[in-house]
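Predicted, not measured: the structure shown is a model, and the values here were computed from it. Hydrogens, waters and symmetry mates play no part in the numbers below; they use all other heavy atoms, side chains included. Chain naming here is simple, since letters A, B, ... match the order of the sequence lines and numbering starts at 1 in each.
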Amino acid sequence: MRFLLSVILIAALAATGEWFLPWWTFAVAAFVVSIFTRMRAGIAFLSGFIAVGGLWLGIMLWRDAANQHILSARMAALLRAASYSEIIIITALLGGLIGGLAAMSGALVSGKSKWA
Amino acid sequence: MSEGSHQISWARVAIGLLTTLVTAAMLYFLDTPYKEVPALGRLLDPFNGFWANAEPVNGSFNQTLRFPSLKGSASLYFDERMVPHIYADNDHDIYFMEGYVHACFRLWQMDMETRAAAGRVSEVVGSKALNYDHNQRRKGMVYAAENSLKAMEAEPRTKTMLDAYTEGINTYIGQLTSRSLPLEYKLMGFKPEPWTNIKSALLMKYMADDLTGECWDIPLTYLKQSLPPAIFSLLYPEKEPGSSPVIPAGTHFDSASLSTPPVPNDSALVTFTSKDFGEAREDAKGSNNWALSGNKTQSGAAILCNDPHLGLNLPALWFEVQLHSPDMNVYGASLPGAPGVIIGFTDSISWGFTNNYRDVKDYYLIKRVAGTSDKYWMNGMQRTMTPRVERIAIKGKADFLDTVYYTVHGPVTYDERHPAAGGIRKPLAMCWMGHRGSNELLGIYLMNRAKSYAGFVDGIFHFECPAQNMVYADRQGNIALWGQGQFIDKWQGQGRFVMNGADTAALWAKKIPMRENPHVFNPAQGYVASANQSVTDSAYPYWYNGDFRELRAWRINDRLSQLQKATVKDMFDLQNDTYSILASQVLPYMLKHVPASLDSADARYISKLRKWNYQLSATSTSASLFQIWWYYLDGDIWEQLGKVPDALHPADERTMRLIATTDSEIAVIPQLKDFHRLVQQSFRKAMDSLHIASRRGREWYQVKNTSLTHLAKLAAFSYDTLKIGGWGNVVNAAKTDHGPSWRMVVQMGQEIEAYGIYPGGQSGNPGSKYYSTFIKDWAAGKYYRLLFIPFNSKPSASQTLFTWTAQPQRS
């Protein structure tokens, strides 16, 4: 329950933050939420990973579908990626990784968290 | 999740702080650009990064806009090709909306082009553009724009036009957020600065420079001195004999109101000794335009055609638009960055441009007073140059400072600190018509509102530089052609070679009155045509020189003189014509000298070439072989002029005619004495390079590789190997990076029937489906029927894809 709440909170805060503030506020959102949800470090990482990675993946898939891959294909060529899917997957993993690390950091510095 | 411990574990907190630090470091790294690589986190972020530029393919583009500065309301109807038809109640509002729309679709392009004009590219790309920027400053580009801006702002109509246009652009820029910023800004890591009127002036000077930039004064000065006079005039005649001039031969010219100045003694010219020249001649920017009077067409209406050949880039140079206001209804190609329609038609008239190529840029050798940097001699008297400090900002580096000295002729463009191409280090000042303050925009303003020939002529008289051959056709069936621009009454030979800047006899004298510019109205032949050839026959009373080309003009005149009952389809065919006069004239001579023994592959090529129809069509392999062979042959022939002037080969049409003399006894050109061996040698080279080229394919379009290159040179946003035939010296002048930038055919009947296409798409956003919409059809030689809404009517719902309404008040 707390895990799900944490994922939803991080995703919602990250989305709002990114819309109005610099792109990296998603990490602040994951960090802050995890200070309060006090989950084990590993679980916190997972919640941040799923929240941010999922959010980013969702936004990308939505925008890419609406755009019919016009830009993602061009960006893939520009960034020398194999295809637009590669860009999407790597970006989602990157967002997830940083979201997870931020959430884990939040959980750890709250001092109440166990390792896993 | 046990709540077992309520004790704070400081070890975990410490580790937490460490991972926080690692996370922050990652974010910092992803938020920081490194050299050419943009900040990857910012770029990849699905919310604000490049994904925000991925326009939904089926998204609605309808908008209701509130602009407090509008005087009335304005409506924009986008047709199915995303061409806006802009309706407004007054001059201010129509140009405001045009500025807004240009910015909305092409802001980054406008920004980069004006930076390129002003020599401010280094500011955003770093020191790799410093040389380019430095050269722009030395040419006095900003000085030129400032002078024209004064003229434009002194005229109330063009002042309104510029102010409103600038306001429209800035309104759009003001709405941008870091998320909605055009993609290229995100990639290059800079932001748009506010638009100003000088930027529009700069853009117009950019075009002027592009179209009057070629200048052979320096190499010609050397060649004249190093070649025997008879050979020099054979290789580089002032005019190619037998030209089909822009103004048809035999046209009556009024006698000149100004007398031609006498040719001064030799002191007005200078001589160069052995210097190293590196300038390479190429058929650069050319264009075709022509008009047929009603008695040459099937419909009985006049037809006007134009295809200006300019640099092929993405976003494309042109943006299609219709402007409708109480005193104007005009459709055509606009230039993002400048208000109005540059090439197009109204309800009454149509017009088009080709480059005129009369020489309006000359160089003067400056004789500095010894021991000074800013004093020079003029007829034995000392004069002082005006210094102008140019500060070039360079991304990531300290500013570069240069003082440019202005003489009575113009800026000292080249000197020991900035040598001319080829290495001349002497101080050379540039005298350029483009430096003078002129108001071409008023010309555009008036042409966009012209209802008759008189209105058209009124407009073009404001067009001073770049000089253009301006073709005209109207609904009364009239046609006309003007070799229009501001020209100087020169003495014979003035400005063809570098002149002595210390001699007042070499100064530019009086301006030729505009009405005496060469022109023709409804000539007996029933058509007019220009394709950068000589402007007049020798009956024209003023002397001029220029960088004229004849091959396309010969072909067009040949076709048009034969055509009867012409249709728009015939015009499409002619604009896409790939017949090479050059090939038809020189190939028979080349084939006479091919080696007797060939291997079977080479023999196959040769036998195909013997049957070839001289068409440089897209899929022809014979065209590939001929073009490569000619490239080497021409190079091998003129290489013998010596290392120094290798740069400036005689024009193709000249070489073609000289080769025709090799069979006779009168082969006086030493370089052609060895023609037999040169043909064999160049054939070998051509076959070798064709075999190398075979990896990409040997068809002509694969070999010449016509490309639309993104302005930031990003291959991912560019298109190459377009399947299109042609070359610079045939009517369909699609070269590698230059070509027909806007093809237009307008039949001026009861109902105006207009067709057009340009290589690109209305949107400059690589994330838009309108980015590359027209490219394939353009390459294939197809046309779109242009939706021209007559005066006082509006597009129907079925003609409208999206609508914008703009209101002044807040509702």
**Message:** Between Leu30(B) and Trp24(A), is the side-chain contact (heavy atoms from CB on, under 4.5 Å) condition met? List the steps.
**Reply:** CA-CA 9 Å; Leu30(B) 289 168; Trp24(A) 44 262; over 6 Å; no
**Request:** Given side-chain contact (heavy atoms from CB on, under 4.5 Å), test Leu78(A) with Leu714(B) step by step and report yes or no.
**Result:** CA-CA 7 Å; Leu78(A) 183 73; Leu714(B) 301 173; 3.8 Å; yes
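The side-chain heavy atoms of Leu183(B) and Leu71(A), taken from C-beta on, include a pair separated by under 4.5 Å. Side-chain contact between Leu97(A) and Met26(B): present, with at least one pair of heavy atoms (C-beta onward) separated by less than 4.5 Å.
Contacts of residues 51-63 of chain B with chain A at a heavy-atom distance below 4.5 Å involve Trp51(B), Ala52(B), Asn53(B), Ala54(B), Glu55(B), Pro56(B), Val57(B), Asn58(B), listed in sequence order. Heavy-atom neighbours of chain A within the stretch residues 758-767 of chain B, taken at a separation under 4.5 angstrom, comprise Pro766(B), Gly767(B).
The choice from Gln68(A), Arg80(A), Met104(A), Met75(A) that makes the most heavy-atom pairs within less than 4.5 Å of chain B is Met75(A). Counting heavy-atom pairs under 4.5 Å between each of Ile88(A), Leu94(A), Asp64(A) and chain B puts Asp64(A) at the top. When each of Leu40(B), Asp31(B), Asn48(B), Leu43(B) is scored by its heavy-atom pairs under 4.5 Å with chain A, the top score falls to Asp31(B).
The structure places CG of Leu44(B) at 9.5 Å from CD1 of Ile90(A), a figure rounded to the nearest 0.5 Å. Atoms OG1 and CZ, on Thr19(B) and Phe31(A) in that order, are 8.0 Å from each other to the nearest 0.5 Å. Separation of atoms OG1 (Thr91(A)) and CG (Asp45(B)) is listed at 9.5 Å; rounding is to 0.5 Å.
Atom OH of Tyr132(B) is surrounded by more than 12 heavy atoms from other residues, nucleotides or ligands within 6.0 Å. When the shell of 6.0 Å around CD of Glu86(A) is examined, it contains more than 12 heavy atoms from other residues, nucleotides or ligands.
Between the side chain of Arg12(B) and the main chain of Val109(A), no donor-acceptor pair closer than 3.5 Å is present. Side-chain atoms of Arg63(A) come within 3.5 Å of backbone atoms of Phe47(B) as a donor-acceptor pair (strictly under, hydrogens ignored). Proximity of a side-chain donor or acceptor of Arg42(B) to a complementary backbone N or O of Trp23(A) within less than 3.5 Å is not detected.
In this structure, the portions of Ala15(A) lying under 4.5 Å from any heavy atom of chain B include both its backbone and its side chain. Heavy atoms of Ser772(B) lying under 4.5 Å from chain A belong exclusively to its side chain. With a threshold of 4.5 angstrom between heavy atoms, Leu57(A) does not approach chain B through any atom at all. Contact of Leu21(B) with chain A is not made at all, since no heavy-atom distance falls under 4.5 Å.
The minimum heavy-atom distance linking Ala716(B) with Ala77(A) is given by the pair CB-CB, 3.7 Å. In terms of heavy atoms, Phe50(B) sits closest to Ser72(A) at CE1-CA, 4.4 Å. What you find for Arg179(B) and Glu18(A) is that their closest heavy atoms are NH1-O, 4.0 Å. Nearest heavy-atom pair across Leu27(B) and Ala27(A) is CD1-CB, 3.5 Å.
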